[in-house]
Protein chains: 4
Amino acid sequence: MPKIVDHDLYRKELLGRCFDMFAEKGYAAITMREIAQGLGVSTGTLYHYFSSKETLFEQLVEEWTQQDLLKAEAELESAQTLAERMEAAFRFIATNEDYFLKQTLLLIDFHQQQEHTASHNEILKQVCDRARDRVADLLGLKDPKLVVFVLSLIDGLILGRLYNEEVASFEEQGALLGKMLTVYLEQST
Amino acid sequence: MPKIVDHDLYRKELLGRCFDMFAEKGYAAITMREIAQGLGVSTGTLYHYFSSKETLFEQLVEEWTQQDLLKAEAELESAQTLAERMEAAFRFIATNEDYFLKQTLLLIDFHQQQEHTASHNEILKQVCDRARDRVADLLGLKDPKLVVFVLSLIDGLILGRLYNEEVASFEEQGALLGKMLTVYLEQST
Amino acid sequence: MPKIVDHDLYRKELLGRCFDMFAEKGYAAITMREIAQGLGVSTGTLYHYFSSKETLFEQLVEEWTQQDLLKAEAELESAQTLAERMEAAFRFIATNEDYFLKQTLLLIDFHQQQEHTASHNEILKQVCDRARDRVADLLGLKDPKLVVFVLSLIDGLILGRLYNEEVASFEEQGALLGKMLTVYLEQST
Amino acid sequence: MPKIVDHDLYRKELLGRCFDMFAEKGYAAITMREIAQGLGVSTGTLYHYFSSKETLFEQLVEEWTQQDLLKAEAELESAQTLAERMEAAFRFIATNEDYFLKQTLLLIDFHQQQEHTASHNEILKQVCDRARDRVADLLGLKDPKLVVFVLSLIDGLILGRLYNEEVASFEEQGALLGKMLTVYLEQST
DNA sequence: AATGAATGAGAATTCATTCAT
DNA sequence: AATGAATGAATTCTCATTCAT
C-alpha cells in the first residue's frame with residue numbers, strides 16, 4: 001500500500017509545519033487560505049488531507065502532545081526525589097515557556113469557538129486526559145488532590161505569562177512548590 | 001422614546017445588562033447587533049454610548065472588577081488567620097465558580113483578538129494590576145512570590161473547570177493550600 | 001426685530017467658521033456632528049440654523065463668493081492694460097493658491113454627491129454664473145470665447161495643483177497668457 | 001459556474017465592464033455589491049480578483065489610460081503642423097467629450113476619498129505622469145511651460161462641461177489655441 | 001491528487017436627520 | 001433657542017467550504 005503510506009506521511013508533514021502559523025495568529029484568526037499558502041498548497045489540497053479546520057486542529061494537538069510527553073520523559077528520567085522531579089519539570093517548562101503559552105492560548109481559543117457552536121469536543125478531552133495521567137505518573141504523585149494542585153499551579157503560571165511577563169519565574173515557583181510539598185508530605189505522615 | 005436624562009447613569013445600566021450576553025457567546029462571537037437587540041436599543045444608540053466594541057468591553061471589565069472587589073472584601077472581613085482567609089477566599093470563588101470561569105474566558109478571548117491586531121491593551125492591564133494588589137492586601141500576603149503562587153493556583157483551578165468539571169473542588173484545594181502555607185511559613189521562621 | 005437680526009448674524013458667524021472644516025475633510029466626508037462640534041454647538045442647533053447639509057453648503061458658497069469678488073476687485077483696481085490685469089489676476093490667484101484649490105475641490109465634491117441623487121443644483125449654478133460675469137467685467141474681456149479660454153486655463157491650472165505641485169507657477173503661466181493674448185489681439189485687429 | 005481558466009484575462013474583462021458603472025454613480029457612491037451585481041458575480045468573487053475597491057479602481061485607470069493613448073496616437077498620426085496637431089487633439093477630445101468628463105470626475109472623486117484617508121496614491125500619480133509625457137510627445141511640444149499651458153486649458157475646458165454645457169465648444173477653443181500658439185511661437189523666434 | 005474560482009451571509013461601524021425635552 | 005439621544009439602513013470586506021476541471 002504505497003499510496004496510503006505517502007498520504008499519511010504527507011499529512012503528518014503538513015501538520016508539523018502548521019503549529020507556528022496557528023500560534024502566530026490564533027485558531028480563530030487564521031484562515032484556511034493562509035494555512036494553505038503557508039504550506040505551499042491550495043485550499044483544495046488542504047481539504048483533501050483534513051476534512052475541516054476543526055479536524056486539522058485536533059490532529060495537530062494529538063501530534064504535539066505525543067512529542068511533548070516524549071520530551072518530558074527524557075527530561076525527568078534521571079530525577080529521583082520528589083523535589084528533584086519538580087525541579088526538572090519546572091525547568092523543562094521554563095525552557096519552553098513561550099511554546100507552552102502558545103499551546104495554552106491555542107487550546108483556549110479553540111475551546112471558545114466550539115463552546116457555543118457545538119457540544120464539547122470529545123477528542124480533545126481524551127487527548128488531554130491521557131496526557132494528564134502520564135504527567136501524574138512522571139511526577140510520581142499518587143494523591144489525585146495533589147496532582148490537581150500541581151497541574152493547576154502550572155496552568156496558572158503559564159497563563160500568568162499573558163500579562164505579567166516579569167513577575168514570576170517558573171524555576172522560583174517550582175522550587176517553592178518543591179519545598180512546600182516536601183514539608184507538607186513529611187508532616188502528614 | 002423618552003430621552004434618558006443622565007448619560008452616565010444609563011451607560012452603567014447598559015453595562016450592567018451586558019455581562020451575561022458576553023458570557024454566553026464570548027467576546028469575539030457576539031455581535032454588536034446582538035448586544036443592541038439584547039439591550040433593546042438600536043446599534044446606533046449602542047455606539048452613542050460606547051464608541052467601539054473594544055471600549056464597551058473595557059468598561060465592562062472595569063465595572064465588574066469594582067463590584068467583585070467590594071464583594072470579596074465583605075467576605076474576608078471576619079477572617080483572622082491566614083488559613084481562615086484562604087478558606088474564605090476559596091469559598092467565595094467556589095460559590096461563584098461559573099461566574100469566575102466566564103470572566104476568565106472572556107478576558108482571554110478578548111486578549112486573543114487584540115494580540116495580533118494592535119498593541120497590548122493598556123487599560124485592561126491597569127485594571128488587572130490594581131485588582132491584583134488589592135487581593136494581595138486582602139489575603140494578607142507579604143511575600144510577592146507567595147502572592148504569585150496563590151493567584152496562579154486560583155487561575156489554574158478556574159481554568160481547570162473548562163475540561164475537568166468533576167475533578168477538584170475549590171474548597172478542597174483551598175484547604176490544602178491553607179495547610180501547606182501554614183506548615184511552610186511556620187517552618188521557615 | 002432684534003431676534004431676527006441676532007439669528008441672521010449668528011448664522012453668518014457660523015458660516016464664517018465652517019470653511020476650514022469643510023476644506024479639511026471634504027464635503028462628503030465631514031459629518032454634521034463634526035461640524036457642530038467644531039462650531040461648539042449641538043447638532044440640533046446646527047439644524048436650527050441650516051435645514052440640511054446641502055443648504056449649509058450652498059450658503060457657504062454664496063458667502064465666500066461675495067468675499068472673493070470684493071477682494072478681486074480691490075486687486076485689479078489699479079491695473080490698466082490687458083496684460084496688467086492678467087498679471088494682477090494671476091498674482092491674486094497665486095497668492096491664494098491653496099484657498100482656491102480647496103474651493104474647487106469642495107465644489108466638485110459637492111457636485112459629485114448631487115449628480116446622481118437629485119437634479120442639478122440650481123442655486124449653485126446661479127452663484128457661479130453671476131461670478132463668471134463679474135470676472136469677465138473685471139478682466140475687461142469682451143469676446144465670450146476669450147473669457148472661456150482664460151477661465152478654463154485658470155481652472156485647469158488650479159486643478160493641476162492636485163497632483164503636480166511643482167510643475168507650473170501661476171505667475172509664469174499668467175505672464176505667458178498675457179503675452180499670447182496681446183500678440184493675438186494685436187494681430188487680429 | 002464554469003471555472004474561468006485564465007485569471008488575468010477574466011480580470012481584464014471584468015475591468016472592461018466596470019467603467020460605465022463607476023461613471024454613472026461616481027467612485028465614492030458606487031458600492032462593491034453594486035459592482036458585483038452589475039458584473040454578474042458575487043462580492044466574494046469580485047474580491048477574489050481585486051483585493052479592494054481602491055485596487056480595482058487603480059487597475060481600471062491603468063487600463064483606460066493605455067487604451068486612450070493608443071487611440072490618441074492613431075488620431076494624431078497624420079497631423080503635421082502644430083496647428084494641425086492641436087486641431088486633431090481637440091477634435092478627438094470633442095468627440096469623446098462625455099467620456100473625458102467622466103474620467104476627470106472619477107479621478108477627482110477618487111482623489112477626494114484618499115486625501116484625508118491615507119497618503120497620496122503613488123500608483124495613480126505614476127500612471128498620470130507617464131500619460132502626461134506621452135501626450136507632450138504626441139503634441140510635439142518641447143517647452144514644458146507650453147505643455148502645462150495646453151494641458152491645463154484642456155483640463156479646464158473639460159471641467160467646464162460640469163456646469164457650462166453650452167458655453168464653449170472644444171473645436172472652437174482648440175482653433176483659438178492653435179492660432180494663438182502659432183502667432184506666439186512665430187513672434188518669439 | 002491537486003487546483004483555485006465561486007459563494008453569500010454576516011461582521012463592525014457610520015451618519016443625516018428627527019424630536020422630546 | 002438649544003440640546004443630544006435615538007434611529008437603522010447601508011458600507012466594505014471576510015472566510016470556511018464546495019466542486020468543476
Side-chain angles (χ1 to χ4, degrees), chain A residues 3 6-7 10 28-37 40-56 113, chain B residues 1-7 10-11 14 28-37 40-56 113, chain C residues 3 6-7 10 28-37 40-56 113, chain D residues 1-7 10-11 14 28-37 40-56 113:
Chain A
K3 294 255 171 176
D6 275 354
H7 182 100
Y10 193 45
I30 202 168
T31 74
M32 286 297 265
R33 208 187 303 200
E34 282 170 330
I35 296 173
Q37 278 174 354
V41 301
S42 68
T43 57
T45 300
L46 193 56
Y47 272 90
H48 181 69
Y49 287 99
F50 309 98
S51 59
S52 71
K53 198 184 183 184
E54 191 181 338
T55 301
L56 169 55
Q113 313 302 314
Chain B
M1 282 142 266
K3 310 289 151 169
I4 300 315
V5 185
D6 192 328
H7 184 100
Y10 192 49
R11 211 197 80 236
L14 291 177
I30 201 168
T31 74
M32 286 298 264
R33 208 181 308 193
E34 282 170 330
I35 297 172
Q37 280 173 352
V41 301
S42 67
T43 57
T45 299
L46 192 55
Y47 274 91
H48 183 69
Y49 288 97
F50 308 98
S51 59
S52 70
K53 198 184 183 185
E54 190 181 337
T55 301
L56 169 55
Q113 312 302 313
Chain C
K3 293 253 174 177
D6 275 353
H7 182 100
Y10 192 46
I30 201 168
T31 72
M32 286 297 264
R33 208 187 303 201
E34 281 170 330
I35 297 172
Q37 278 174 355
V41 300
S42 68
T43 56
T45 300
L46 193 55
Y47 273 90
H48 182 70
Y49 286 98
F50 308 98
S51 59
S52 71
K53 198 184 183 184
E54 191 181 338
T55 301
L56 168 56
Q113 312 303 314
Chain D
M1 283 141 267
K3 309 290 151 171
I4 301 314
V5 186
D6 192 329
H7 183 102
Y10 192 49
R11 209 197 81 237
L14 291 177
I30 201 168
T31 73
M32 286 297 265
R33 208 182 306 193
E34 281 170 331
I35 296 172
Q37 279 172 355
V41 301
S42 68
T43 57
T45 300
L46 193 55
Y47 275 91
H48 183 69
Y49 287 97
F50 309 98
S51 59
S52 70
K53 197 184 183 185
E54 190 180 337
T55 301
L56 169 55
Q113 312 302 313

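Just so we're clear, the structure is a prediction, and the values are computed from it rather than from any experiment. Both backbone and side-chain heavy atoms feed into the values below; hydrogens, waters and symmetry mates do not.
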- prompt: Contact class for B/His48 vs. all strands (heavy atom < 4.0 Å): base, sugar-phosphate, or nothing?
  reply: base
task: Ignoring backbone atoms, establish whether A/Ser42 has a side-chain N or O less than 4.0 Å from OP1 or OP2 of E/dT3.
output: yes
- line: Between CZ of D/Phe50 and C1' of F/dT14 the distance, given in whole Å, is 18 Å
- line: A/Glu34 CD to E/dG4 P, in whole Å, measures 17 Å
message: Rounding to an integer number of Å, can you tell me how far D/Tyr47 OH sits from E/dG4 P?
response: 23 Å
statement: Out of F/dG8, F/dC13, E/dT7, minimum distance to the side chain of D/Thr45 belongs to E/dT7
query: Does C/Gly40 or D/Ala28 map to a spot on DNA chain F nearer the 5' end, using the closest nucleotide for each?
result: C/Gly40
statement: The side-chain hydrogen bond (donor to acceptor under 3.5 Å, both in side chains) partners of D/Thr43 (sequence neighbours excluded) come to none
query: To the nearest angstrom, how far is D/Leu46 atom CG from F/dT11 atom C1'?
result: 14 Å
message: Without decimals, in angstroms, what is the distance between C/Met32 CE and F/dA5 C1'?
response: 17 Å
statement: Checking E/dA16, E/dT7, E/dT18 against the side chain of C/Thr43 (C-beta onward), the nearest is E/dT18
message: Within the 4.5 Å heavy-atom criterion, are D/Leu56 and D/Met32 side-chain neighbours or not?
response: yes
task: Just say parallel, tilted or perpendicular for the rings of D/His7 and D/Tyr49, cut-offs at 30° and 60°.
output: tilted
query: Would one find a side-chain N or O of B/His7 under 4.0 angstrom from OP1 or OP2 of F/dA5?
result: yes
message: Given a 3.5 Å cut-off on both pairing distances, which stems involving DNA chain F, each at least three consecutive Watson-Crick or G-U pairs, are present, if any?
response: E:2-21 with F:2-21
field: Touch class at under 4.0 angstrom, heavy-atom based, for C/Ile30 against every strand present
entry: sugar-phosphate
Any residue meeting side-chain hydrogen bond (donor to acceptor under 3.5 Å, both in side chains) with C/Thr55, in chain and number order, not counting sequence neighbours: C/Ser51, C/Ser52
- request: Could you state the atom-to-atom distance from CG of D/Leu14 to P of E/dA6 in whole Å?
  value: 8 Å
task: Look at all strands and tell whether A/Tyr49 reaches a base, only sugar-phosphate, or nothing, counting heavy atoms closer than 4.0 Å.
output: sugar-phosphate
- prompt: Taking for each residue the nucleotide of DNA chain E with the nearest heavy atom, is it A/Gly44 or C/Arg33 whose nucleotide lies nearer the 5' end?
  reply: A/Gly44
- line: Separation of E/dA5 atom P from D/Asp6 atom CG, nearest Å, is 10 Å
